Amino acid sequence: MVREQIEARGIRDATTLRILREVPRHLFVDEALSNAAYGDHALPIGFEQTISQPYMVAFMTEQVALGPRERVLEVGTGSGYQTAVLARLARTVFTIERIPALARKTRERLTALGFENVFYRIGDGTLGWPSAAPFDAIVVTAGAPVTPRALASQLAVGGRLLVPVGERSQQVLRVLSRLENGAIEEESSIPCCFVPLIGQEGWGEGQA
C-alpha cells in the first residue's frame with residue numbers, strides 16, 4: 001500500500017510513511033472487508049460513513065506536519081484510522097464524532113490498541129472543542145459547504161486547519177494557517193471527496 005499508492009504518488013515525509021506502515025489498517029474495518037483494507041479506495045464502516053482512501057490519509061497527514069509536542073483536533077473520528085495516525089505523531093489528539101454508536105465502537109478499538117493520548121467527544125464537530133482550544137492543528141475528515149468559522153477561531157498562532165470544502169459530492173482541500181499577527185491565510189490544495197460534514201456550521205440533516 002505505502003510503496004504503490006502513497007510513495008508512488010509523491011508522499012515523501014519519512015515519518016508519515018513509517019507510521020502508515022506501522023498502523024494496521026485492516027483492524028479499522030469490519031472483518032469481512034479486511035482483505036480490501038489496503039486497496040486504493042475508501043471503504044464503508046457503517047452508519048453511512050467511510051474510512052478514507054489511504055492516499056488521502058497520507059496526504060492530509062503530510063500536509064498538517066505535526067510535531068511531537070503538538071495538540072491536534074480531529075473532526076470526524078469515523079473508524080479511528082486517521083485518529084491513530086495522528087496520535088502516533090502528536091502529543092495529544094482531541095477527536096469528535098457525531099454518531100454515538102460509531103464513537104463508542106471506535107473508542108473501544110483505539111483503547112484496545114493501546115492509544116492513551118486520545119480524548120473523545122460525541123457532538124457537533126463543526127463547533128470544535130472550545131474548552132480544549134487553541135489547537136496546533138485541526139484536521140476535518142468530512143466535506144463542508146464552507147470553512148467552519150468556529151474551527152478557524154480555535155487555531156493557535158502558527159496552527160494549521162485542513163478542511164475539505166465544496167459540494168456534497170466533490171470538494172477541494174483547504175489549508176488555513178494562523179499567522180503571527182492573528183490573521184488567517186487560506187490556500188486551496190487538491191480535489192477530494194468526503195462524506196458530508198453535518199452540523200451547525202456544516203450541512204444540515206437532509207440538506208441538499
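If you're wondering where the values come from, they're calculated on a predicted model, not measured in any experiment. Any value given below was found using the heavy atoms of this structure, including those in side chains, with hydrogens, waters and symmetry copies removed.
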- Measuring from Thr147:OG1 to Arg149:CZ, what's the distance to the nearest 0.5 Å? 11.0 Å

- Roughly how far, to the nearest 0.5 Å, is CG of Leu110 from CZ of Phe28? 5.5 Å

- Audit row: Leu73, Leu151, side chain to side chain contact (heavy atoms under 4.5 Å, CB included) steps and yes/no: CA-CA 9 Å; Leu73 173 66; Leu151 297 182; 4.1 Å; yes

- Query: For Gln170, does the CD atom sit with more than 12 other heavy atoms under 6.0 Å from it, leaving out its own atoms?
  - Reply: yes

- side-chain hydrogen bond (donor to acceptor under 3.5 Å, both in side chains) with Gln82: of Thr141, Thr95, Thr61, only one passes, and it is Thr61

- Is it true that a side-chain atom of Asn181 and a backbone atom of Ala183 form a donor plus acceptor pair closer than 3.5 Å? yes

- Query: When clusters are formed by joining ILVMFWY residues with side-chain heavy atoms under 4.5 Å apart, either directly or through shared neighbours, do Val195 and Leu33 land in the same one?
  - Reply: no

- Message: Looking at every heavy atom in both Phe115 and Ala87, which two are closest together, and how far apart are they?
- Response: CD2-CB, 3.7 Å

- Message: Please find the pair of heavy atoms, one from Leu20 and one from Ala58, that lie closest to each other, and give the distance.
- Response: CD1-CB, 3.3 Å

- Flag, side chain of Arg88 to backbone of Ile19, donor-acceptor distance under 3.5 Å: no

- When rounded to the nearest 0.5 angstrom, what is the spacing between OG1 in Thr77 and CD1 in Ile96? 7.5 Å

- Distance col, row Ile45:CD1 vs Thr50:OG1, nearest 0.5 angstrom, shows 6.5 Å

- If you look at every heavy atom in Ala152 and Ile184, which pair is closest and at what distance? O-CD1, 4.2 Å

- Message: Between Arg160 (side chain only) and Ala65 (backbone N and O only), is there a donor and an acceptor less than 3.5 Å apart?
- Response: yes

- The reported gap from CZ in Phe119 to CZ in Arg107 (rounded to nearest 0.5 angstrom) is 9.5 Å

- Item | Co-membership, hydrophobic cluster, residues Leu113 and Tyr38, 4.5 Å side-chain | yes

- Message: So does Glu4 get a backbone contact from the side chain of Glu7, meaning a donor-acceptor N/O pair under 3.5 Å?
- Response: no

- Would you please test Val75 and Thr126 for side chain to side chain contact (heavy atoms under 4.5 Å, CB included) and show each step? CA-CA 7 Å; Val75 176; Thr126 71; 5.7 Å; no

- Message: What's the separation between atom OG in Ser153 and atom CD1 in Ile138, rounded to the nearest 0.5 Å?
- Response: 8.0 Å

- With a distance cut-off below 6.0 Å to the six-membered ring centre and an angular limit of 45° from the axis, does Arg25 pair with Tyr81 as a cation-pi contact? yes

- Between the side chains of Thr83 and Glu74, is a donor N or O closer than 3.5 angstrom to an acceptor N or O? yes

- Task: Return yes if a side-chain donor-acceptor contact under 3.5 Å exists between Ser177 and Glu187, otherwise no.
- Result: no

- Are the side chains of Met1 and Ile6 in touch, meaning some heavy atoms are under 4.5 Å apart? yes

- Scanning both residues in full, the closest heavy-atom pair of Pro148 with Leu197 reads CG-CD2, 4.1 Å

- Message: Do Val23 and Leu27 sit in one hydrophobic cluster, given that two such residues count as connected whenever their side-chain heavy atoms are within less than 4.5 Å of each other, even indirectly?
- Response: yes

- Query: Pro145 and Val165: which non-hydrogen atoms are nearest, and at how many Å?
  - Reply: O-CG1, 3.6 Å

- Message: Would you say that more than 12 heavy atoms from the other residues, nucleotides or ligands in this model lie under 6.0 Å from the CZ of Arg18, or not?
- Response: yes

- Message: Quick check: is Val57 connected to Ile190 through a chain of hydrophobic side chains (ILVMFWY, heavy atoms under 4.5 Å apart)?
- Response: yes

- Would you say the side-chain atoms of Ser189 pair up with the backbone N or O of Val172, donor to acceptor, closer than 3.5 Å? no

- SB check Lys105 Glu97 (cutoff 4.0 Å): no

- Query: Would you find a donor on one side and an acceptor on the other, under 3.5 Å apart, between the side chain of Arg21 and the backbone of Val2?
  - Reply: no

- Task: Go through Leu66 and Asp136 one step at a time and tell me if the side chain to side chain contact (heavy atoms under 4.5 Å, CB included) criterion holds.
- Result: CA-CA 8 Å; Leu66 286 172; Asp136 299 300; 5.6 Å; no

- Task: Would you confirm whether Thr111, through its side chain, and Glu108, through its main-chain N or O, come within 3.5 Å as a donor-acceptor pair?
- Result: no

- Item | Partner of Thr16 under side chain to side chain contact (heavy atoms under 4.5 Å, CB included), chosen from Gln63, Met60, Glu62 | Glu62

- Message: Tell me whether Arg174 contacts the main-chain N or O of Glu186 through its side chain, where contact means a donor paired with an acceptor under 3.5 Å.
- Response: no

- Check Thr106 against Ser79 and note the closest heavy-atom contact, atom names and distance. CG2-O, 3.4 Å

- Task: Determine yes or no for a side-chain-to-main-chain donor-acceptor pair under 3.5 angstrom, with Gln154 supplying the side chain and Phe135 the backbone.
- Result: no

- Show your working on side chain to side chain contact (heavy atoms under 4.5 Å, CB included) between Asp124 and Arg98 and close with a plain yes or no. CA-CA 6 Å; Asp124 184 350; Arg98 69 179 182 87; over 6 Å; no

- Given the rule that I, L, V, M, F, W and Y join up when any side-chain heavy atoms are under 4.5 Å apart, are Val72 and Met56 in one cluster? yes

- Message: I'd like to know if the side chain of Ser34 reaches the main chain of His26, judged simply by a donor and an acceptor atom lying under 3.5 Å from each other, with no hydrogens or angles considered.
- Response: no

